[in-house]
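Some notes on the structure that comes next.
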Amino acid sequence: MTNNSYINNWIKEMAELTTPDNIVWIDGSKEQTKALQEQAVKDGTLEALNPDLLPNCFLHRTAVNDVARVENRTFICTREKADAGNINNWMDPKECYDKLGKLFRGSMKGMTMYVIPYSMGVVGSDFAKIGIELTDSIYVVLNMLIMTRAGQQVIDVLDSIGDNFIKGLHARAELDENNRYICHFPEDNTIWSINSGYGGNVLLGKKCFALRIASYLGRKEGWMAEHMLILGVEYPNGETKYVTAAFPSACGKTNLAMLIPPEVFRKKGYKVWCVGDDIAWLRVGKDGRLWAVNPENGFFGVAPGTNEKSNPNALATTKRDTIFTNVVHDLDNNTVWWEGLNDNPPKNAIDWKGNKWDYTKYDKKDKSTCGAHPNSRFTSVAKNCPCVSPKFDDPAGVPISAIIFGGRRAKTAPLVYQSTSWQNGTFVGSIMASETTAAAAGAVGVVRRDPMAMRPFVGYDMGDYFQHWLDMGKNIPNPPKIFHVNWFRTDDEGHFIWPGYGENMRVVKWILDRCEDKADAELTPIGYVPKPEDIDVEGLEGVSTDTIRELLRVDTASWLEDIENIREFYKTVGDRVPAELIEELNGLEARLKAAK
Ligand code: GTP
Ligand code: SPV
Ligand code: MN
């Protein structure tokens with residue numbers, strides 16, 4: 001398929017290791033895709049859903065032990081352990097190639113190896129980078145065809161790229177969780193993943209390449225790869241301003257990225273456009289601003305909680321050309337269902353494990369009775385989204401006015417605050433904390449530090465990563481302003497105080513107004529916080545001024561408690577935490593103590 005000898009030699013070597021019966025190149029043609037879908041339906045990998053209600057949609061169930069990213073089995077394999085840092089798991093590259101080589105050996109015997117050439121970013125643009133994933137899984141092929149720009153358009157440029165591509169190898173092998181490994185070799189542009197069939201572990205263009213490897217390349221080459229959505233707010237005068245937002249997994253990126261403004265805003269002519277919902281690659285533009293592209297081509301979104309009210313745009317996007325993973329199969333009309341879609345669970349249904357599901361035993365408070373896995377997902381084409389940005393395919397990307405950090409915090413963090421400088425904003429990102437979610441294997445609801453929502457995704461030392469943020473700031477003549485939000489503050493009974501979803505537009509509006517000095521705020525020890533009257537609450541029902549005041553309250557005591565925890569965290573990151581950030585931390589502590 002190509003005359004590029006680097007590529008051909010590598011594929012040959014990997015085929016000698018894994019010994020597939022056939023090798024098939026993925027060209028992305030309609031015919032080939034259709035044939036693969038049919039084959040997957042025949043062998044039970046996919047179930048074809050109702051073609052009238054959900055055209056070209058399929059259902060897939062993963063193995064029960066394979067439902068989320070596995071951070072404890074994810075490794076960064078640099079020659080020096082210190083370069084992977086304390087936060088990442090590390091393995092010596094040679095030892096890792098040896099160990100995984102044994103697992104890969106013969107793993108594709110009797111099977112087909114698919115060669116997926118793909119581009120992260122618009123093919124040929126300054127931002128774009130090419131990867132090739134070798135996999136034994138048709139599910140991976142069909143997902144990659146949605147999530148990336150894959151196939152012939154990439155094959156056409158392979159002759160000219162030399163060895164400038166990311167080499168990905170994936171095999172499901174036995175799906176043995178004790179031998180599951182997601183390994184990255186940033187010094188070799190290589191990713192090896194074995195014994196999983198789940199999303200972020202196996203769609204190697206996504207977290208493995210576009211974040212872990214790309215963050216490593218970005219540091220080397222002077223750009224950034226971030227776990228961020230990108231959205232545009234169109235003003236009544238037709239002008240559009242763009243923001244990025246970094247929230248940890250399952251903390252609201254897809255929802256914010258596709259936000260529908262409250263009616264009063266819509267009537268005035270505000271619109272929101274989605275450029276991306278998970279990953280942003282950022283570069284300094286010729287105009288001295290920071291520009292962003294979404295390197296992906298689709299959404300791998302959380303299904304539970306997606307409904308006509310919370311995220312109608314996402315729901316509309318899933319109505320065709322979608323692969324659903326680990327949701328409920330409604331047998332009566334051959335469609336899908338998940339918790340939070342509506343109040344009518346299907347009566348005749350199969351749960352995510354493949355068992356008959358009794359909706360009468362479903363208890364909203366008990367996850368073990370759920371029909372859909374809490375981390376069940378939809379893989380959908382970005383272009384099918386009703387609010388996809390007209391700039392989605394623009395190779396130049398979009399200029400960024402504001403960067404927003406955020407997490408799930410029941411208490412400490414207020415609804416929104418603004419940092420006082422790029423350095424202070426980098427500090428705000430570095431101390432992000434959030435309650436863990438079902439997107440990764442392990443306990444749910446535990447507060448952990450998740451700097452810039454990148455804790456699981458930085459491909460090198462976290463201290464060096466903070467330094468890269470500071471260095472980037474010095475190279476952006478006109479940098480975005482940096483903010484922090486928290487949609488998840490709860491009352492004493494554990495209910496969310498802020499209505500969230502579309503209403504988040506009110507907070508985004510304050511943020512964008514701040515970028516133009518059009519909104520007021522109060523300087524507090526943590527940064528600029530709006531006064532209650534600075535948030536536009538026109539048409540917002542059921543939220544009193546007192547509630548807004550409570551949402552914006554800076555609780556000095558709980559912040560002071562946090563300081564110790566942050567110091568501990570910085571110690572865990574190690575001795576590469578930049579002195580500037582320690583200074584910021586000391587400054588914050590002093591200001592909080594003075595305010596007490
Ligand atoms: P990943 O794809 O894992 O990176 O997740 P994400 O950050 O895109 O999260 P997503 O938008 O899918 O939201 C995850 C969960 O958070 C869903 O259950 C949503 O219903 C919930 N959520 C999103 N936005 C809000 C909000 O504004 N308020 C509240 N209370 N919940 C929200
Ligand atoms: C996340 O966990 O942040 C996701 C899903 O976006 S996955 O692709 O599994 O990483
Ligand atoms: Mn994500």
Side-chain angles (χ1 to χ4, degrees), residues 62 66-71 74 140 143-144 147 182 193 196-212 226-231 245-260 274 276-280 294 296 298-307 309-311 313-315 318 325-326 338-341 370 372-380 404 406-410 415-416 434-442 444 450 453-457 485-490 494-508 551:
T62 64
D66 190 25
V67 293
R69 284 182 295 101
V70 278
E71 294 180 6
T74 299
V140 167
N143 273 273
M144 286 292 282
M147 292 305 297
I182 321 299
S193 163
S196 175
Y198 173 78
N201 298 331
V202 301
L203 308 179
L204 300 185
K206 195 171 178 59
K207 296 311 199 318
C208 298
F209 173 178
L211 287 180
R212 298 196 188 96
E226 299 293 335
H227 193 196
M228 290 175 172
L229 67 92
I230 310 167
L231 71 79
F247 307 155
S249 301
C251 289
K253 288 184 300 300
T254 301
N255 276 271
L256 187 65
M258 298 176 194
L259 170 156
I260 295 187
C274 173
D277 81 325
D278 198 50
I279 298 178
N294 168 14
E296 301 191 278
F299 308 124
F300 186 60
V302 178
T306 306
N307 61 52
K309 251 193 98 195
S310 65
N311 195 344
N313 282 322
L315 197 60
T318 65
T325 301
N326 291 342
W338 49 76
E339 281 70 18
L341 173 64
C370 281
H373 187 273
N375 191 39
S376 53
R377 301 258 169 180
F378 54 82
T379 317
S380 293
I404 306 174
R408 263 174 207 270
R409 290 305 293 275
L415 181 62
V416 59
S434 196
E435 291 150 24
T436 51
T437 65
V444 168
D450 188 351
M454 283 288 280
R455 183 184 180 121
F457 308 121
V485 299
N486 177 23
W487 315 138
F488 299 94
R489 229 182 207 191
T490 53
H495 302 120
F496 295 122
I497 311 177
W498 176 246
Y501 301 102
E503 307 297 346
N504 293 333
M505 175 71 192
R506 301 172 188 277
V507 175
V508 174
L551 283 162

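For ligands, and for the atoms within them, numbers begin at 1 and follow the listed sequence. Every heavy atom of this structure was used, including side-chain atoms; hydrogens, water molecules and symmetry mates were not.
Looking only at protein heavy atoms, the nearest one to atom 9 (O) of ligand 1 is Gly252 N, 2.9 Å. Atom 26 (C) of ligand 1 has as its closest protein heavy atom Tyr501 N, 3.6 Å. Atom 6 (P) of ligand 1 has its closest protein heavy atom at Lys253 N, 3.3 Å. For atom 30 (N) of ligand 1, the closest non-hydrogen atom of the protein is Phe496 CD1, 3.4 Å. Closest to atom 29 (C) of ligand 1 among all protein heavy atoms lies Phe488 CE2, 3.6 Å. Protein heavy atom closest to atom 18 (O) of ligand 1, with residue, atom name and distance, is Pro304 O, 3.6 Å.
Side chains of Thr379 and Asn143: a donor on one and an acceptor on the other come within 3.5 Å. Looking at Thr254 and Asp277, their side chains do bring a donor and an acceptor atom within 3.5 Å of each other. Between Arg212 and Thr74, the side chains place no donor N or O within less than 3.5 Å of an acceptor N or O (distance only, hydrogens not considered). Side-chain contact, Thr306 with Asn311: no donor N or O sits under 3.5 Å from an acceptor N or O. Under the 3.5 Å distance criterion, with hydrogens and angles disregarded, no donor-acceptor pair is assigned to the side chains of Trp338 and Asn326.
To the nearest 0.5 Å, atoms CD1 (Ile279) and NZ (Lys206) are separated by 5.0 Å.
Close approach of ligand 1 to Arg408 is summarised as follows: ligand atoms under 4.0 Å from at least one heavy atom of the residue are 15 (C), 16 (O).
Ranked by closest heavy atom to atom 5 (O) of ligand 1, the top entry among Ala246, Gly199, Ala250, Gly340 is Ala250. The heavy atom nearest to atom 8 (O) of ligand 2, considering only Lys206, Met147, Arg69, is found in Lys206.
A cation-pi arrangement is not found for Lys253 relative to Phe247, the charged atom failing to lie both closer than 6.0 Å to the ring centre and inside a 45° cone about the ring normal.
At the Mn ion (ligand 3), the angle from NZ in Lys207 to OD1 in Asp278 is 100° when rounded to 10°.
Within the structure, the closest approach of Glu503 to ligand 1 does not fall below 4.0 Å when heavy atoms are considered.
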